[in-house]
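Before any comments, here is the structure.
Order of the sequence lines sets the chain letters (A, B, ...), proteins ahead of strands, with each chain counted from 1.
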2 protein chains.
Amino acid sequence: MSQSQSPKKIRQKKLKEYLQENPFLTDDDLAEIFGVSVQTIRLDRLALGIPEVRKRIKSVAEEAFGGVRSLDEGELLGKLLDIELGQYAVSVMDITKEMVSEHGHVRGHVLYAQASSLAIAVIDSEIVLTGSARVRFKRPVLLGEKVIAKATVKTRKGASYLVSVHSKVDNDLVFKGHFIMVAPEKKRQ
Amino acid sequence: MSQSQSPKKIRQKKLKEYLQENPFLTDDDLAEIFGVSVQTIRLDRLALGIPEVRKRIKSVAEEAFGGVRSLDEGELLGKLLDIELGQYAVSVMDITKEMVSEHGHVRGHVLYAQASSLAIAVIDSEIVLTGSARVRFKRPVLLGEKVIAKATVKTRKGASYLVSVHSKVDNDLVFKGHFIMVAPEKKRQ
DNA sequence: GCTCGTATTAGTACCAGATATTATAAACAA
DNA sequence: TTGTTTATAATATCTGGTACTAATACGAGC
């Protein structure tokens with residue numbers, strides 16, 4: 001063992017990171033990846049307090065399942081809080097470390113993605129595409145903050161919709177965008 | 001059995017709805033809820049083609065994980081082909097299945113992310129944020145296509161840059177955007 | 001009544017991916 | 001050499017199933 005980092009500690013640290021990235025791996029998979037026995041992996045998980053693969057998967061699923069479950073939206077970024085199809089939709093997104101740059105600022109495309117996917121969800125049509133968008137970032141968003149976006153359908157001309165999205169952190173406007181959405185196919189009802 | 005609805009059919013229909021609402025229930029739970037034996041539930045699931053609870057949970061988890069996954073790709077989305085700091089940058093991105101919706105169209109925020117991250121990369125400064133953007137999607141992009149984006153710095157006013165991005169598939173314009181980028185800190189050199 | 005057919009329930013063997021525990025081997029330091 | 005940590009192995013047990021076979025219940029038709 002010895003000074004700075006025993007191979008055990010290193011492996012356990014990597015294991016933790018690995019499972020954060022991909023919680024779907026079984027102990028068997030992990031044993032192969034790390035070149036150790038299954039029992040060693042189990043001991044490591046025990047030491048680190050990491051639950052078994054099925055519980056990990058369940059946690060991921062439950063987290064995602066929290067919001068309003070109206071449409072099939074693996075598409076949506078963030079958690080849908082409220083929706084009135086064709087009128088408005090609200091979602092919340094927690095800023096995790098994968099979303100920020102090395103300087104701690106949320107990358108703009110993350111806020112854009114939340115807004116854009118919400119604009120898609122609010123339109124009552126099977127297929128919805130973005131035609132164009134104008135977005136403005138009002139202030140940087142930081143790690144750990146909670147962004148609440150609200151999309152409102154403003155006008156509709158045929159298959160074309162104007163959707164406005166406002167995103168706030170603690171009631172503080174951080175992002176504003178106008179999306180022209182197009183629903184090329186027939187409407188749902 | 002008889003006329004309109006046999007009790008079996010009714011139960012199976014309800015079972016299906018029930019699991020859509022709550023995929024986390026075991027056969028044991030379901031047997032209790034419906035007041036039938038576990039075996040009956042299993043037969044029903046078999047008839048309806050509904051997988052076991054662990055597979056249902058896994059599906060929910062994977063769907064949710066795919067969403068965050070697609071923007072998790074590090075700082076730059078796509079592969080940088082060429083760059084002249086402060087002038088232009090070119091990147092290429094292969095459209096993989098995580099990037100497309102169930103209808104096979106690339107989600108707009110993916111193209112936005114490629115463009116936006118390229119606009120950040122082209123500016124010669126430590127910290128770069130997007131101030132605002134105007135984007136236009138010219139035609140849908142499909143699974144398997146290869147998107148080449150080119151970002152060009154048009155003008156600069158102090159800490160503010162205007163970057164124009166054009167993305168093409170087979171020399172066919174699919175996306176066009178103007179980004180106002182801000183580099184609030186001191187420049188790199 | 002009896003018989004046929006569907007629906008339901010029961011029982012058994014097996015599987016994946018674990019937990020929990022005990023035993024043994026290897027690696028190395030004092 | 002002796003002791004300690006680390007790794008591996010082996011075994012019993014658990015959950016929530018699949019897959020298959022067998023037994024039973026229930027109603028319809030005659």
Sugar-phosphate only, base, or nothing, as touched by Q39(B) at under 4.0 Å among non-hydrogen atoms: base
Phosphate OP1/OP2 of dA20(C): any R42(A) side-chain N/O under 4.0 Å: no
K150(B) to Y88(B), cation-pi by 6.0 Å centre distance and 45° axis angle: yes
Under 3.5 Å donor-acceptor, T40(A) side chain and V36(A) backbone: no
Under 3.5 Å donor-acceptor, T152(A) side chain and K154(A) backbone: no
Sugar-phosphate only, base, or nothing, as touched by V36(B) at under 4.0 Å among non-hydrogen atoms: sugar-phosphate
Heavy atoms from other residues, nucleotides or ligands near CZ of R56(A) exceed 12 (cutoff 6.0 Å): yes
Nearest heavy atoms of T26(A) and V53(A), plus distance in Å: N-CG2, 4.1 Å
Interatomic distance, Q12(B) CD vs dT8(C) C1' [rounded to whole Å]: 12 Å
Sugar-phosphate only, base, or nothing, as touched by R11(B) at under 4.0 Å among non-hydrogen atoms: sugar-phosphate
Presence of salt bridge, E145(B) and R139(B), under 4.0 angstrom: yes
Residues in contact with DNA chain C, drawn from residues 23-30 of chain B - heavy-atom cutoff 4.0 Å: none
Contact under 4.0 Å: S37(B) side-chain N or O vs dT9(C) OP1/OP2: yes
Any N/O donor-acceptor pair, R54(B) side-chain to dG17(D) base, under 3.5 Å: no
